Amino acid sequence: MGLNLKELVIREKTTLEAFSNKVIAIDAYNAIYQFLASIRGPDGLQLTDAEGRITSHLSGLLYRNVNFLSLGIKPVYVFDGKPPSLKTAEIERRKQIKKDATVKYEKAVAEGNMEDARKFAQQTTSMKDGMVKDSKEFLTYFGIPYIEAPSEGEATAAHLTNTGQAYASASQDYDSILCGAKRLVRNFTSSGRRKIPNRNTYIDVLPEIIETQKVLDSIEMTREELIDVGILIGTDFNPNGFERIGPKTAMKLIKQHSRLEDIPQIQEQLEEIDFQQIREIFLNPEVADVDEIVFNDVDHEGVMKYLKERSFSEDRIQSTLNRLKKALEKKSQNLDQWF
DNA sequence: CAGAAGCA
DNA sequence: TGCTTCTGG
């Protein structure tokens, strides 16, 4: 899952307000997956409507987008297309993890250990086609645009930051840096305290911004070199990385030799992966070219009707929409004062 | 996850 | 009022 570049990059804490009036390309899969994983009851089960269809993603999208729009942030969601064929092994690996977690979940439930049950249930999270369809339809009622990427969503999101159509790409995965995003935002949520699982402690989660050029300058590397570092550590396209090589060693080796082909001690292992193609996925990914990103007004009635059909309480939807309306009115007032 | 409710 | 816990669907 993603790439362990955490210790190599400079991250600057910021706030959601800092993104007011900016277009942010959101890695839709990444965001929705997190809603599906975390919006659950104490038993670990997701929220569902009267027909038993999962609604956790809709709940997450509702509140988060209301917050974005209230602050004048312009989100554009980028959905994944067909994964690169090199990702097959990683996809299988994730499937297996979910299978194992399902067994552990059932065991924990049988033993009445609800804390574990919840933890393992989260690990079984998977995204179904219906959820993608739901999310796109729901975004449309919000007037929020979405883009269907031909392949990895992150790559198209990164592309938009380079065409100037988006200020930053929002994802929890560091891959966006290798994809060439100008800026990456992590924790792109209303900041707040988050509970550490099982522990009785909380941490403050603030949005953090990563400027790719600053990262490259600070480690004195080119993007090509950083991609090779990534491949040494392990990417979605070679999930195991290289034996006995973590971030520190990877950096040292690339600093010394510049590229994978020139590191003597890894040549045998290097033959086992298609590193040229992995580089290509990061350097020249298949992306969607977008003419214009259009934001529409929120269709309050549409949002209400859609969520009522999915068993959301009318009162809750109404008060959430009122909050949005109030915030937008206040915004236009502030704007009027200028003229 | 994020808002609502509960509580000092 | 601010912090913790509960609930949503």
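Keep in mind that what you see is a predicted model, and the values were worked out from it rather than measured.
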Exercise for the section: Name every residue in residues 36-55 of chain A that has at least one heavy atom under 4.0 Å from any atom of DNA chain B, in order of residue number, or write none if there are no such residues. Expected result: A:S38, A:I39
Exercise for the section: May I have the distance from A:H57 (atom NE2) to C:dG8 (atom P), rounded to whole angstrom? Expected result: 19 Å
Handout entry: Nucleotide of B:dC1, C:dG9, B:dG3 approaching A:Y63 most closely (side-chain heavy atoms)
Key = B:dG3
Handout entry: Phosphate OP1/OP2 of C:dG9 contacted by A:R310 side-chain N/O (<4.0 Å)
Key = no
Practice task
Apply side-chain hydrogen bond (donor to acceptor under 3.5 Å, both in side chains) to A:N238 and A:T235, showing your working.
Solution key: CA-CA 5 Å; A:N238 65 312; A:T235 69; 2.7 Å; yes
Fill in the blank from the handout: Taken to the nearest whole Å, CG/A:L307 to P/B:dA2 is 16 Å
Exercise for the section: Answer yes when A:K305 and A:E309 have at least one side-chain N-carboxylate O distance shorter than 4.0 Å, and no when they do not. Expected result: yes
Practice task
May I have the distance from A:L324 (atom CG) to B:dA2 (atom P), rounded to whole angstrom?
Solution key: 15 Å
Practice task
For atom CD of A:Q96, decide whether the heavy atoms of other residues, nucleotides or ligands shown that lie under 6.0 angstrom number more than 12.
Solution key: yes
Practice task
Tell me, yes or no, whether the heavy-atom count around A:E220 atom CD, taken from other residues, nucleotides or ligands under 6.0 Å, exceeds 12.
Solution key: no
Problem - Nucleotide B:dC1, atom C1' - distance to CG of A:N65 in whole Å - result: 13 Å
Problem - Length of the CG-P vector between A:L71 and B:dA2, whole Å - result: 12 Å
Handout entry: Distance in angstrom units between A:F312 CZ and B:dA2 C1', rounded
Key = 12 Å
Practice task
Please work out if A:T320 contacts a base, only the sugar-phosphate, or nothing of the nucleic acid, heavy-atom cut-off 4.0 Å.
Solution key: nothing
Exercise for the section: Verify, without hydrogens or angle tests, whether A:E208 (side chain) and A:N187 (backbone) share a donor-acceptor contact under 3.5 angstrom. Expected result: no
Practice task
Identify which nucleotide among B:dG3, C:dG8, C:dG9 has an atom closest to any side-chain atom of A:R323, counting heavy atoms from C-beta outward.
Solution key: B:dG3
Completion exercise
Taken to the nearest whole Å, CZ/A:R118 to P/C:dT5 is 15 Å
Practice task
Look at all strands and tell whether A:S313 reaches a base, only sugar-phosphate, or nothing, counting heavy atoms closer than 4.0 Å.
Solution key: sugar-phosphate
Problem - Neighbour count above 12 (heavy atom, 6.0 Å) for A:D297 CG - result: no
Practice task
Ignoring hydrogens and angles, tell me if any N or O in the side chain of A:Q267 forms a donor-acceptor pair with the backbone of A:E261 under 3.5 Å.
Solution key: yes
Handout entry: Gap between atoms CD1 and C1', on A:I317 and C:dG9 respectively (whole Å)
Key = 11 Å
Handout entry: Side-chain N or O of A:N67 closer than 4.0 Å to phosphate OP1/OP2 of B:dC1
Key = no
